[in-house]
Amino acid sequence: MSIPEIKRVLLKLSGEVLMGDQQFGIDPAFVADLAGEVKAAKETGLEICLVIGGGNIFRGMAGAAQGMDRAQADYMGMLATVMNALAMQNALEQLGVQTRVQSAIEMDKVCEPVIRRRAERHLEKGRVVIFAAGVGAPYFTTDSGAALRAAEMKCDALLKGTSVDGVYDSDPKHNPQATRFDTVTYDRVLADNLRVMDASAVALCRDNKIPIVVFSIREKGNLARVLSGEGVQTIVQDQ
Ligand code: UDP
């Protein structure tokens with residue numbers, strides 16, 4: 001099954017895809033490759049919003065597990081997403097792709113605040129808009145930030161680029177018999193806790209009828225293949 005006709009997408013990348021083969025942080029060569037994928041997708045005429053996680057640097061839950069105050073740790077996680085957004089902005093602009101970063105936590109020395117109408121204008125002008133700092137509040141994740149921005153910016157689909165090539169009925173890393181869905185409903189994802197994205201993010205997409213396309217961003221050229229309907233992916237949508 002191919003993905004529906006799309007003109008504007010929100011691409012969500014987990015922070016961990018920025019670390020390449022490292023255990024932590026940002027691998028600039030890998031970020032440059034990712035930027036190349038985004039550029040190729042943009043050259044097909046798509047308008048692209050980007051949300052990048054922060055898990056390659058800091059996750060609030062991990063800090064809380066080690067005794068930190070959860071909200072404090074979450075704010076650190078949000079700051080990590082701003083660093084990743086700036087790294088991606090740098091890589092895209094080195095390839096000649098115009099970008100703007102808009103952060104849900106205002107940081108006027110390094111980026112714009114989130115202003116929807118301004119983001120619209122950037123997209124009209126062919127710029128990639130990178131939304132940083134998730135929803136700007138603790139106890140959320142960048143998946144929720146991605147769903148929120150996808151709804152706000154009226155994106156036709158939320159593309160979730162991860163290390164696996166779709167949604168499975170059980171964890172393929174632990175169960176060799178796990179099978180991948182071509183399509184699956186939002187309700188099944190939520191009822192079976194299929195761990196595509198946070199439940200709040202999935203529910204927001206369901207309520208706003210935004211298809212979620214889960215695919216592997218680790219394979220070169222895969223973003224373009226998925227967008228042309230030739231890739232391997234799982235589409236989460238209503239039946
Ligand atoms: N975070 C948050 N609110 C948000 C977005 C992110 O508190 O709206 C924090 C949270 O601590 C999270 C961290 O930022 O663990 C990094 O984001 P996320 O875990 O979503 O990154 P990813 O797993 O996609 O790399």
Side-chain angles (χ1 to χ4, degrees), residues 9-27 30-31 34-35 37-38 49-89 91 101-107 110-114 116 119 129-153 158-164 166-167 171 173 189 193-205 212-218 223 236:
V9 293
L10 187 137
L11 174 61
K12 158 76 208 288
L13 301 176
S14 323
E16 61 183 29
V17 300
L18 269 60
M19 62 191 186
D21 297 324
Q22 300 173 177
Q23 297 301 308
F24 173 83
I26 297 169
D27 177 345
F30 206 80
V31 179
L34 286 173
E37 300 268 314
V38 174
C49 303
L50 265 179
V51 167
I52 307 174
N56 55 321
I57 300 172
F58 196 83
R59 275 207 181 90
M61 292 276 264
Q66 291 173 305
M68 286 186 72
D69 175 75
R70 169 76 192 267
Q72 181 82 348
D74 277 342
Y75 279 110
M76 291 170 66
M78 285 183 259
L79 296 180
T81 73
V82 180
M83 291 173 64
N84 284 337
L86 295 180
M88 180 55 81
Q89 176 172 47
V101 174
Q102 294 200 344
S103 171
I105 294 177
E106 292 191 21
M107 248 180 261
V110 293
C111 58
E112 298 178 355
V114 177
R116 184 176 63 83
V129 181
I130 308 172
F131 291 103
V135 304
Y139 297 93
F140 283 94
T141 67
T142 51
D143 282 347
S144 294
L148 172 66
R149 301 300 169 217
E152 195 178 9
M153 299 308 296
L158 192 166
L159 271 57
K160 167 133 176 160
T162 66
S163 332
V164 280
V167 182
D171 188 347
K173 285 179 188 147
V189 167
N193 196 14
L194 292 177
R195 300 190 177 282
V196 176
M197 298 202 301
D198 299 341
S200 54
V202 174
L204 195 56
C205 288
I212 306 166
V213 182
V214 184
F215 69 101
S216 167
I217 191 79
R218 286 194 176 265
L223 175 58
V236 185

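Every number for a ligand or one of its atoms is a count from 1 in the order of the listing. Predicted, not measured: the structure shown is a model, and the values here were computed from it.
Under a 4.0 angstrom heavy-atom cut-off, Ala104 registers as lying outside contact with ligand 1. For the pair Met76 and ligand 1, no heavy-atom separation below 4.0 Å is found. Put simply, part of Pro138 is less than 4.0 Å from ligand 1, judged by heavy atoms.
Between Gly54 and ligand 1, an N or O atom pair is found at a separation short of 3.5 Å. Checking only distances, Ser14 never comes within under 3.5 Å of ligand 1, N or O to N or O. Looking at Gly55 next to ligand 1, an N or O pair under 3.5 Å apart turns up. For ligand 1, the polar-atom distance check against Thr81 finds no nitrogen or oxygen pair separated by under 3.5 Å. At a 3.5 angstrom cut-off on N or O pairs, Asn56 does not count as close to ligand 1.
Scanning the protein for heavy atoms near atom 14 (O) of ligand 1, the closest one is Gly77 C, 3.1 Å. Nearest protein heavy-atom neighbour of atom 24 (O) of ligand 1: Lys12 NZ, 2.9 Å. The nearest protein atom to atom 19 (O) of ligand 1, hydrogens excluded, is given as Arg59 NE, 3.3 Å; this is a heavy-atom distance. With respect to atom 10 (C) of ligand 1, the closest heavy atom belonging to the protein is Asp74 OD1, 3.3 Å. For atom 5 (C) of ligand 1, the closest non-hydrogen atom on the protein side is Thr141 C, 3.3 Å. From the protein, the heavy atom lying nearest to atom 18 (P) of ligand 1 is Thr142 OG1, 3.5 Å.
Heavy-atom contacts of Gly134 reach the following atoms of ligand 1: 4 (C), 5 (C), 8 (O) (cutoff under 4.0 Å). For ligand 1, the atoms lying closer than 4.0 Å to a non-hydrogen atom of Ala137 are 2 (C), 3 (N), 4 (C), 7 (O), 8 (O). If you number the atoms of ligand 1 from 1 as listed, the ones under 4.0 Å from a heavy atom of Gly53 come out as 21 (O), 22 (P), 24 (O), 25 (O). Contact atoms of ligand 1 toward Gly15: 22 (P), 24 (O), 25 (O) (distance under 4.0 Å to a heavy atom of the residue).
Under a 3.5 Å cut-off, the side chain of Asn56 and the backbone N or O of Gly25 do form a donor-acceptor pair. Remark: the backbone N or O of Ser200 is not paired with any side-chain donor or acceptor of Asp198 at under 3.5 angstrom. Using a distance-only test at 3.5 Å, with no hydrogens or angles considered, no donor-acceptor pair links the side chain of Asp74 to the main chain of Phe140. Not one N or O on the side chain of Ser14 forms a donor-acceptor pair closer than 3.5 Å with the backbone of Glu16.
Heavy-atom contacts from other residues, nucleotides or ligands closer than 6.0 Å to CD of Gln22 number more than 12. Heavy atoms of other residues, nucleotides or ligands lying less than 6.0 angstrom from CG of Asp21 number 12 at most.
With Tyr139, Phe140, Phe58 as candidates, the residue nearest to atom 2 (C) of ligand 1 on a non-hydrogen basis is Phe140. Between the choices Ile52, Ile105, Val135, the shortest heavy-atom distance to atom 8 (O) of ligand 1 belongs to Val135. The heavy atom nearest to atom 15 (O) of ligand 1, out of those in Gly136, Ala62, Gly60, is found in Gly60.
Separating the OG1 atom in Thr162 from the CZ atom in Arg195 is a distance of 14.5 Å, to the nearest 0.5 Å. Rounding to the nearest 0.5 Å gives a distance of 8.0 Å between CD of Gln89 and SG of Cys111. Rounding to the nearest 0.5 Å places CE of Met83 at 11.0 Å from CG of Leu18. In this structure, CG in Leu50 is found 12.5 Å from CD in Gln102, a value given to the nearest 0.5 Å. Atom CG of Leu148 and atom CG of Leu10 lie 10.0 Å apart (nearest 0.5 Å).
Contacts between Tyr75 and ligand 1, counted as non-hydrogen atom pairs separated by less than 4.0 Å, are absent for every part of the residue.
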